[in-house]
Amino acid sequence: MIEFTTEKFSGPLGLLLSLIESEEMDITEINLAKIADEYVAYVRAAENIDPEELADFLVVAAKLLYIKSKALLPYLYTDTEEEEGDDLEKQLRMYKEFIEASRQIKDIIAQEKFLYLPPITKSRRIQTIVEPTFSPPTKVTALILLEQFKKILADLAKRNEEKLPEEKLEPKMNIEEKILLIRQMLFDKVRVNFSKLLRAATNKTEMIVSFLAVLELAKQKELIFEQDELFSEIHITSNKQ
Amino acid sequence: MTLKSQLESLLFVSIKSLSLKELAALTNAKTNEIEEVLRTLTEDYERAGSGLAIIKNNGQYQITTASDNAALIKEFLKSETSGELSQPSLEALTIIAYRGPISKLELEKIRGINCSLIIRNLLIRGLIEEKFEKTKNENYYNVSLDFIRFLGIGSVNDLPDYKKLNKSEELAAVLEEIK
Amino acid sequence: MTLKSQLESLLFVSIKSLSLKELAALTNAKTNEIEEVLRTLTEDYERAGSGLAIIKNNGQYQITTASDNAALIKEFLKSETSGELSQPSLEALTIIAYRGPISKLELEKIRGINCSLIIRNLLIRGLIEEKFEKTKNENYYNVSLDFIRFLGIGSVNDLPDYKKLNKSEELAAVLEEIK
């Protein structure tokens, strides 16, 4: 895997774009499916991702894994669900356009073609207008200042309290929890149908997490998969007995 | 005096940038007439290779030095150029420049990541401006005239590929989902 | 760029008027050449009915507004610095009153927006004063004596609840971030 530094990308789409570009791949759904594992591995290993930004990285991870699962198990998905992968592909293409534009802007800034304003100084204005330079607003009083200052402090107190929006931190079922759940299911039932496992998910993210959990358990050789023919139901049993 | 002359004088002495509306009130002329004269003035400066330029952003106008003299003036004023922009800031700034007025939500949809902190920093540096849109009950962001001056261009329209990126259909499709 | 353009830019940004000698040093041109170009420029402005004019005084050159626009400009400058303060200006003035001496950066952190323009405006109206702090290599701002007298108090310490508000924790928290 290629080493990335934080300077090379900013945010999940930046990371995804550098992965795609380092493999010299075009932005297509198929390539996104190919790159999914690398992305997940990077996010998992990365220590320099701000915890507050992790949620955003995970959203993209979920989308990638969804695309990957769709590529691997197309029969699980109906046509109406096409959009998710299409959406990430579009989003990344567009992001890339802006990244390219930002490079051009960087070049423009580097040319240092700053435009300067005429100086607005007292001395210069006095030449034009010979009048006392103290011109107070008529309505301002010490009490108005007091009232204003209290309002500013109240706003600041509010701002200091503002944390990440709650929705960003919505609890998502994590893989470990799902793994425990699958183990429990296999313990209870001996054999579980893969499609049933996915159907039990209440939303896409959970479906992806289920899929990941199964992959993880497969990797750890805890599960045995059986399939009668291509695209038919996959039966899962535990390897531990 | 002609309207052109009056506009030139007003822009020269004003502390802040002036809008067509403000200029209209000051000169008793119509806004479209003023817009036309300012366009001519901008072109006149360019054609004559003048040391001055007129820049425009979001309906606000300012008179500045010509971009080709930037190095000389920098040397003369011994001005320090403001610090580097981080990659995330540059990205956000680019998107706001091409797509402004843009809401925080739209910006985050394009970047795929929370942008609160970056917006706050860009506001403090004066490179973007915030405007509350009553009808949408949301803040919208635009680049500022200081950004235009920082780049040494006449307006956002002079940015490379502005038309294409400003009207991108893919972008419209992505942003459509937010609604 | 042409010498004419360079001279125009230099005179445009200079706080003080410039001599032929100074202009020669800045542009690497000869003084008689500069004198000739400035004469042409002066005539150009007059012929074109420009809103700007070059004035020469004691061998010192300066760009100013055309004299025909004097009435308009006088009216404009008066309106610019009179009347009530905008809400952002009032807030900045309040913070400077209760927390001065305060730097621009600190003020901007508290207000969350760039304050260059507001500070300039308050300075020109004589409501605040600027002082360069050598140790911190930064400008610090205080309300002016004129403004204190205008409020009918002896010093900022006489502002209502000054002691308590000057030490507010909310401000301390925000300012702490800067360090």
Side-chain angles (χ1 to χ4, degrees), chain B residues 1-18 22-23 25-28 37 41 44-46 48-53 63-77 79-80 82 116 119-130 144-147, chain C residues 1-15 18 22-23 25-28 41 44-45 48-53 63-77 79-81 86 104-105 107-121 123-125:
Chain B
M1 286 300 270
T2 62
L3 180 58
K4 189 162 109 176
S5 158
Q6 293 184 324
L7 297 174
E8 237 176 337
S9 289
L10 285 168
L11 288 173
F12 181 69
V13 296
S14 178
I15 299 176
K16 58 181 196 65
S17 59
L18 294 170
E22 289 168 309
L23 288 167
L26 289 160
T27 56
N28 291 319
V37 170
L41 196 57
D44 285 354
Y45 282 163
E46 277 169 25
S50 164
L52 310 179
I63 189 167
T64 68
T65 57
S67 63
D68 284 338
N69 290 330
L72 173 75
I73 302 304
K74 187 183 170 189
E75 172 76 27
F76 171 60
L77 294 176
S79 70
E80 283 169 37
S82 39
S116 307
I119 285 181
R120 203 184 282 181
N121 283 333
L122 291 175
L123 278 172
I124 287 179
R125 287 186 70 168
L127 293 171
I128 61 168
E129 290 166 347
E130 183 177 74
S144 67
L145 268 169
D146 277 357
F147 170 81
Chain C
M1 284 302 267
T2 62
L3 180 58
K4 190 160 108 176
S5 158
Q6 293 185 324
L7 296 173
E8 221 177 346
S9 287
L10 285 167
L11 292 176
F12 181 81
V13 297
S14 179
I15 291 173
L18 296 169
E22 287 168 310
L23 288 167
L26 288 161
T27 56
N28 291 319
L41 197 57
D44 284 354
Y45 279 172
S50 167
L52 306 178
I63 284 190
T64 172
T65 52
S67 56
D68 286 346
N69 289 332
L72 171 75
I73 297 304
K74 195 170 170 178
E75 189 64 26
F76 169 66
L77 291 180
S79 71
E80 201 182 25
T81 54
S86 68
K104 178 163 165 281
L105 190 68
L107 183 62
E108 287 173 341
K109 276 278 174 186
I110 295 171
R111 301 252 10 264
I113 55 165
N114 185 272
C115 294
S116 308
L117 211 63
I118 290 171
I119 287 179
R120 272 204 286 183
N121 195 25
L123 277 171
I124 284 172
R125 294 186 68 158

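Below, chains carry the letters A, B, ... as their sequence lines are ordered, and counting in each starts from 1. Note that the coordinates shown come from a computational prediction; the quantities given were computed from them, not determined experimentally.
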Trainee: Any idea which of Ile73(B), Asp146(B), Leu11(B), Asp44(B) has the most non-hydrogen atom pairs under 4.5 angstrom with chain C?
Mentor: Ile73(B)

Trainee: With the side chain counted from C-beta on, respond yes when Lys4(C) and Leu7(C) share a heavy-atom pair under 4.5 Å apart, and no when they do not.
Mentor: no

Trainee: So which of Leu117(C), Leu26(C), Asn114(C) has the biggest tally of heavy-atom pairs under 4.5 Å with chain B?
Mentor: Asn114(C)

Trainee: Counting heavy-atom pairs under 4.5 Å with chain B, which one of Leu72(C), Asn121(C), Leu41(C) comes out on top?
Mentor: Leu72(C)

Trainee: Using non-hydrogen atoms and a 4.5 Å limit, figure out which bit of Leu127(B) sits close to chain C: side chain, backbone, both or neither.
Mentor: neither

Trainee: Please rank Thr27(B), Ile63(B), Ile128(B), Leu122(B) by heavy-atom pairs under 4.5 Å with chain C and give me the top one.
Mentor: Ile63(B)

Trainee: I need the minimum non-hydrogen distance between Ser17(B) and Leu145(B), along with the two atoms involved.
Mentor: CB-CD1, 3.2 Å

Trainee: Between Ser14(B) and Glu80(C), which heavy-atom pair has the shortest distance, and what is it?
Mentor: OG-OE2, 3.5 Å

Trainee: Using non-hydrogen atoms and a 4.5 Å limit, figure out which bit of Leu77(B) sits close to chain C: side chain, backbone, both or neither.
Mentor: side chain

Trainee: Would you give the length of the straight line joining atom CD1 of Ile119(C) to atom CD of Glu108(C), rounded to the nearest 0.5 angstrom?
Mentor: 6.5 Å

Trainee: Between Leu52(B) and Tyr45(C), what is the shortest heavy-atom contact and its length?
Mentor: CD1-OH, 4.1 Å

Trainee: To check you understand the geometry: which heavy-atom pair defines the closest contact between Asn69(B) and Ser9(C), and what is its length?
Mentor: ND2-OG, 2.7 Å

Trainee: Among Gly51(B), Gly126(B), Ala66(B), which residue has the highest count of heavy-atom pairs closer than 4.5 Å to chain C?
Mentor: Gly51(B)

Trainee: Quick one: what part of Ser144(B) sits under 4.5 Å from any heavy atom of chain C, side chain, backbone, both or neither?
Mentor: neither

Trainee: So for Leu18(B), is it side chain, backbone, both, or neither that comes closer than 4.5 Å to the heavy atoms of chain C?
Mentor: side chain

